Amino acid sequence: MNPSMLRLLNRAQSLKSLKYIHARVLIDVSLASSDLVLNMFLRLYERFGSIQYAHKLFDQIPQPNAFLWTALIHAYVGNRSYLEALYLLSEMWEDSVLPSNFTLASVRKSLARLERVRDGKTVYGLGFKCGFCSDLIVQNAVIDLFMRCGEVDLARRVFDGMEEKDLVSWNSMISGYGHNGRANLARKLFDGMLDRNAISWTSLVQGYFKAGDIKEAKMLFDRMTTKDLASWNVMVSGFLDVGDVDSAQSVFEAMPASRCWDVELDDFRVL
DNA sequence: CTAGGGTTAG
């Protein structure tokens with residue numbers, strides 16, 4: 001794929017211009033049927049929210065590989081079509097295309113949102129049989145899924161068994177413990193971390209709110225040097241959740257103006 | 001060539 005084509009694709013600002021580029025690419029059959037190019041178009045159709053076109057394109061591919069299946073599944077998950085995404089995974093399996101670690105990671109959100117722990121265990125059990133039992137991407141997905149389904153101990157077992165962990169592994173545990181009301185366990189992991197980021201801190205603060213330990217939440221927030229928009233929002237909504245409107249108000253007012261601008265810019269972008 | 005953790009979910 002030549003660089004000018006890449007430049008053209010990344011300049012596509014709308015579904016309309018993307019379709020136009022696609023039409024031009026279709027003239028060259030060898031180019032249009034390259035897995036790389038197909039994958040790019042699937043991802044771009046997803047970016048512009050056109051699952052229909054992504055699926056239409058996918059249906060014309062004679063033997064889609066795991067990359068292309070993953071792109072389509074990812075598009076459906078992004079579109080919050082969780083059941084459809086799971087269905088695609090089973091179709092993929094029936095077509096004897098083995099999932100990649102990224103396929104399994106893509107389907108995680110579907111399983112979590114539908115609270116399909118049992119199916120999750122089946123899916124990741126198969127994934128392990130495909131050789132992904134010590135794959136960081138898959139293990140992180142499993143941890144997150146288990147935590148979101150309340151399977152705290154199972155998540156911990158996976159975490160403890162990992163040869164290599166990254167920030168996402170640690171933060172998923174901290175966030176997961178927090179959501180399950182286990183702020184103390186989250187804190188233990190947090191204290192043992194070598195490097196933390198804003199997500200580690202914010203997740204723990206949120207965990208303390210969830211556990212009803214407002215004092216500790218506030219103390220931690222004050223110690224935080226890496227506050228970002230989400231950190232401030234967790235504080236505001238944390239106070240609101242316990243009915244402390246005054247504290248919520250003062251946190252809101254203490255928020256740097258630059259953060260407020262972030263919010264407004266985001267909102268304007270939607271309009 | 002791909003994914004993922006904290007706000008925010010009805």
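Lettering follows sequence order; numbering is per chain, from 1. Atom set for the values below is all heavy atoms of this structure, side chains included, hydrogens, waters and symmetry mates excluded. Note that the coordinates shown come from a computational prediction; the quantities given were computed from them, not determined experimentally.
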Heavy atoms only, 4.0 Å cut-off, all strands: where does [X] land among base, sugar-phosphate and nothing?
{"X": "Arg196(A)", "result": "nothing"}
{"X": "Thr70(A)", "result": "base"}
{"X": "Leu167(A)", "result": "base"}
{"X": "Ser231(A)", "result": "base"}

If you only use heavy atoms from C-beta on, which nucleotide in [options] is closest to the side chain of [X]?
{"X": "Phe102(A)", "options": "dT2(B), dG6(B), dC1(B)", "result": "dT2(B)"}
{"X": "Phe67(A)", "options": "dG6(B), dT7(B), dT2(B)", "result": "dT2(B)"}
{"X": "Asn140(A)", "options": "dT7(B), dG4(B), dC1(B)", "result": "dG4(B)"}
{"X": "His74(A)", "options": "dC1(B), dG6(B), dG4(B)", "result": "dG4(B)"}
{"X": "Val168(A)", "options": "dG4(B), dT7(B), dG6(B)", "result": "dG4(B)"}
{"X": "Asn233(A)", "options": "dG6(B), dC1(B), dT8(B)", "result": "dT8(B)"}

Answer yes or no: side-chain N or O of [X] and base N or O of [N] forming a donor-acceptor pair under 3.5 Å.
{"X": "Asp166(A)", "N": "dG4(B)", "result": "yes"}
{"X": "Thr202(A)", "N": "dG6(B)", "result": "yes"}
{"X": "Asp228(A)", "N": "dG6(B)", "result": "yes"}

Can you tell me how far [atom2] of [N] sits from [atom1] of [X], to the nearest Å?
{"X": "Trp201(A)", "N": "dT7(B)", "atom1": "CH2", "atom2": "P", "answer": "18 Å"}
{"X": "Asp35(A)", "N": "dC1(B)", "atom1": "CG", "atom2": "P", "answer": "13 Å"}
{"X": "Tyr124(A)", "N": "dA3(B)", "atom1": "OH", "atom2": "C1'", "answer": "10 Å"}
{"X": "Leu38(A)", "N": "dT2(B)", "atom1": "CG", "atom2": "P", "answer": "16 Å"}
{"X": "Tyr82(A)", "N": "dG10(B)", "atom1": "OH", "atom2": "C1'", "answer": "12 Å"}
{"X": "Asp241(A)", "N": "dT7(B)", "atom1": "CG", "atom2": "C1'", "answer": "12 Å"}
{"X": "Glu46(A)", "N": "dC1(B)", "atom1": "CD", "atom2": "P", "answer": "18 Å"}
{"X": "Leu88(A)", "N": "dT2(B)", "atom1": "CG", "atom2": "C1'", "answer": "16 Å"}

Self-check item: Arg108(A) side-chain N/O to dT2(B) phosphate OP1/OP2 under 4.0 Å
Solution: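 Negative; the distance criterion is not met.
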Quiz item: Given dA3(B), is OP1 or OP2 found less than 4.0 Å from the side-chain N or O atoms of Arg43(A)?
Solution: yes
Practice problem: Would you kindly check if the NZ (Lys) or CZ (Arg) of Lys56(A) is within the cone defined by 45 degrees around the ring axis of Tyr53(A) and under 6.0 Å from the six-membered ring centre? | Solution: yes
Practice problem: Provide the distance between the two C1' atoms, one in dT2(B) and one in dG6(B), to the nearest whole Å. | Solution: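 Going atom to atom, C1' in each nucleotide, I get 23 Å.
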Give me the atom names and distance for the closest heavy-atom approach of [X] to [Y].
{"X": "Asn140(A)", "Y": "Ser169(A)", "answer": "OD1-OG, 2.7 Å"}
{"X": "Ala254(A)", "Y": "Trp232(A)", "answer": "O-CH2, 3.6 Å"}
{"X": "Phe209(A)", "Y": "Phe239(A)", "answer": "CE2-N, 3.8 Å"}

Quiz item: With nearest nucleotides of DNA chain B determined for Gln206(A) and Arg80(A) from heavy-atom distances, which residue corresponds to the more 5′ nucleotide?
Solution: Gln206(A)
Quiz prompt | His22(A) and Tyr45(A) aromatic ring geometry - parallel, tilted or perpendicular at 30°/60° bounds | solution =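 Because their plane-to-plane angle lies in the 30° to 60° range, the rings of Tyr45(A) and His22(A) count as tilted.
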Practice problem: Just jot down the ring pair (Phe, Tyr, Trp, His ring centres under 6.0 Å) partners of Phe48(A), sequence neighbours excluded, or say none. | Solution: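 With neighbours one apart ignored, the set is empty.
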